[in-house]
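For reference, the structure discussed in these notes is given below.
Naming: A, B, ... by sequence-line order, numbering from 1 per chain. The basis for the numbers below is simple: all heavy atoms, side chains too, and nothing from hydrogens, waters or symmetry mates.
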Protein chains: 2
Amino acid sequence: MHEVLAVVFQVRPTADGAERLEVLLWRRARAPYRDAWALPGGALGATEDLDDSIRRQLAQKVDVREVAHLEQLMTSGAPGRHPDGRVVATSYLGLVPANADPGVPDDTRWHDADALPEMAFDHAEIVDAGRARLRAKLSYTNVGFALATPEFTISQLCGYYRAALGHDVSATNLQRVLLRRGQIEPTGGALPSGRRGGRPASVFRFRDRRLEVTDEFAVLRPPVGARGK
Amino acid sequence: MHEVLAVVFQVRPTADGAERLEVLLWRRARAPYRDAWALPGGALGATEDLDDSIRRQLAQKVDVREVAHLEQLMTSGAPGRHPDGRVVATSYLGLVPANADPGVPDDTRWHDADALPEMAFDHAEIVDAGRARLRAKLSYTNVGFALATPEFTISQLCGYYRAALGHDVSATNLQRVLLRRGQIEPTGGALPSGRRGGRPASVFRFRDRRLEVTDEFAVLRPPVGARGK
DNA sequence: GCAAAAGTGTTAACAGTACACCCATGT
DNA sequence: ACATGGGTGTACTGTTAACACTTTTGC
């Protein structure tokens with residue numbers, strides 16, 4: 001038996017106005033792992049591609065059009081991972097932009113990615129792998145587009161990065177890095193100041209809405225002659 | 001049906017004394033894809049973990065003790081990828097150090113990774129994915145240990161990197177980068193000069209033989225206060 | 001001594017962080 | 001005016017590529 005799972009992340013506002021990274025989980029009503037939380041997903045159809053399958057399964061939990069980025073994460077096949085017998089699971093990483101608020105079924109809820117509830121099977125590991133992947137890719141690709149709203153101010157964007165990376169991010173430097181790399185561009189617009197004043201923030205957008213590697217060679221770059229290949 | 005495949009790379013000397021990256025492939029004797037070349041692997045056992053399975057399957061082609069590094073690469077499940085019906089394949093990337101010369105069966109041969117022969121199924125894609133992964137990881141981890149012999153001179157190491165990366169690598173800078181990162185250390189020994197003279201090369205080894213990420217934050221590092229976590 | 005191979009020193013480029021400072025707005 | 005949030009300028013740091021130069025060997 002082969003199943004397909006998804007770690008779907010979204011940056012969401014908390015009660016106290018801050019923002020944090022959350023994962024979409026549903027609560028199991030039946031054994032095994034009754035009342036524990038599990039990743040959305042299900043059995044792979046007999047004539048279905050893996051990507052198509054996870055999209056189909058997700059459609060039951062969230063509006064799939066909301067998922068701005070989806071990529072394969074890992075495949076787990078330990079014989080003991082499912083008590084009912086051998087189930088191989090291929091997991092995906094999915095990202096939903098901060099603006100979308102997809103209605104979710106009753107058994108489904110968003111959970112703080114840093115404080116997972118009791119999880120079914122090996123799903124906690126999978127969430128952690130997804131988190132690590134997201135963190136890494138924020139560093140050397142433009143995946144930010146999949147967490148951010150279509151248009152945003154730098155300080156909003158900063159909030160998304162802060163939540164996803166789990167550490168403070170300087171707005172000043174974030175702006176410069178992303179501009180330099182050509183990931184974002186100003187729309188020309190600006191947002192009116194809040195009620196406590198302050199300079200109106202200019203609005204930016206991601207230049208491209210597809211995954212792009214912007215910082216390819218961290219080190220060991222090819223010599224200048226052979227670059228630009 | 002679930003199968004497990006491996007892209008096994010080794011840097012091997014060519015006829016003209018240079019070195020190049022090669023993949024281990026076997027020639028299919030039966031349809032489908034008769035006479036085309038395929039990746040080693042086979043069906044996943046009913047109670048076998050994925051990692052164990054690929055190790056077992058590889059044992060039939062090469063001495064498994066020779067594989068210095070093995071990591072999961074990707075899972076392909078397109079319904080049309082296998083003419084006989086649905087087969088999901090999980091691929092691994094394996095690396096064999098340059099010194100090992102594992103005896104391989106008659107139907108099996110090493111092939112230039114840059115000039116693949118006619119390949120069965122979607123195996124060419126998988127090899128390319130493995131190549132890309134290797135290139136990337138050479139940049140920010142110590143995977144080099146899995147391509148190099150246990151002890152080596154800088155110019156030998158340079159040859160391995162050159163072959164794997166596909167571009168020229170400066171011995172001077174490679175040495176400095178890997179030393180600075182603490183990946184390699186001098187053994188204290190030196191190799192006698194060749195018959196045409198030259199200063200004897202000192203011998204190095206990798207400090208650690210397990211995968212380690214040595215260049216974690218390409219960019220977007222956490223602020224100094226929050227680092228060292 | 002001379003060629004060959006290895007290794008060191010030095011410079012320059014570049015990307016990113018930190019921080020001080022300037023700008024535009026509401027009260 | 002002044003507090004508030006946004007944006008720019010600038011210095012500093014760390015890392016790496018490039019290349020000249022020195023060291024050690026065989027002939």
Side-chain angles (χ1 to χ4, degrees), chain A residues 17 138-140 151-159 161-162 165 167-204 213-228, chain B residues 17 138-140 151-159 161-162 165 167-204 213-228:
Chain A
L138 278 175
S139 232
Y140 66 92
E151 305 203 330
F152 48 82
T153 66
I154 295 297
S155 69
Q156 289 171 328
L157 187 63
C158 210
Y161 273 76
R162 205 185 329 267
L165 291 173
H167 63 73
D168 204 22
V169 174
S170 141
T172 302
N173 294 331
L174 183 64
Q175 178 183 25
R176 250 194 294 249
V177 168
L178 299 189
L179 274 174
R180 157 186 279 278
R181 296 185 173 178
Q183 285 191 26
I184 62 175
E185 62 189 2
T187 63
L191 246 52
S193 316
R195 53 209 62 98
R196 284 205 300 255
R199 177 169 168 174
S202 23
V203 177
F204 291 79
V213 176
T214 55
D215 199 50
E216 187 133 26
F217 304 104
V219 287
L220 300 180
R221 304 190 238 309
V224 284
R227 235 169 274 180
Chain B
L138 277 175
S139 232
Y140 67 93
E151 304 203 330
F152 47 83
T153 66
I154 295 296
S155 72
Q156 290 170 329
L157 186 63
C158 209
Y161 273 77
R162 207 185 327 269
L165 291 172
H167 63 72
D168 204 21
V169 174
S170 142
T172 301
N173 294 333
L174 183 65
Q175 180 185 24
R176 251 194 292 247
V177 169
L178 299 189
L179 274 175
R180 157 185 277 280
R181 296 184 173 180
Q183 284 190 27
I184 62 175
E185 63 189 2
T187 64
L191 247 54
S193 316
R195 55 210 60 100
R196 282 204 301 255
R199 177 170 169 174
S202 24
V203 177
F204 291 79
V213 175
T214 56
D215 200 50
E216 186 134 24
F217 304 104
V219 287
L220 301 181
R221 304 190 239 309
V224 283
R227 233 167 276 177

Return the polar atom pairs (N/O with N/O) between nucleotides 21-23 of chain D and the protein under 3.5 Å, or none.
unit_1: D:dT23; atom_1: O2; unit_2: B:R199; atom_2: NH1; d: 3.2

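The side-chain hydrogen bond (donor to acceptor under 3.5 Å, both in side chains) check on A:S170 picks up A:N173, with sequence neighbours excluded. Judged as a side-chain hydrogen bond (donor to acceptor under 3.5 Å, both in side chains), and not counting sequence neighbours, the contacts of A:Q183 are A:T214. Every ring-ring contact (aromatic ring centres under 6.0 Å, His included) that B:F152 has, sequence neighbours left out, goes to B:F206. Among residues two or more places apart in sequence or in another chain, the side-chain hydrogen bond (donor to acceptor under 3.5 Å, both in side chains) test is passed with B:E151 by none.
Using a 4.5 Å heavy-atom threshold, the side chains of B:C158 and B:V169 count as touching. Side chains of B:Y161 and B:L174 form a contact here, defined as non-hydrogen atoms less than 4.5 Å apart. For the pair B:L157 and B:F204, the minimum side-chain heavy-atom distance is 4.5 Å or more.
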For nucleotides 9-14 of chain D, 5' to 3', base contacts (B), sugar-phosphate-only contacts (S) and non-contacts (-) with protein non-hydrogen atoms under 4.0 Å give BB----
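Toward the 5′ end of DNA chain D lies the nearest nucleotide of A:L179, the other residue of the pair B:P200 and A:L179 mapping further downstream. Residues A:R196 and B:R196 both approach DNA chain C. Their nearest nucleotides, taken by heavy-atom distance, put B:R196 toward the 5′ side.
Residue contacts for A:T153: at a heavy-atom cut-off of 4.0 Å it reaches no nucleic acid atom on any strand shown. Residue contacts shown for B:S170 are absent, as no nucleic acid heavy atom lies under 4.0 Å away.
Distance from the side chain of B:D215 is smallest to D:dT16 among C:dG7, D:dT16, C:dG16.
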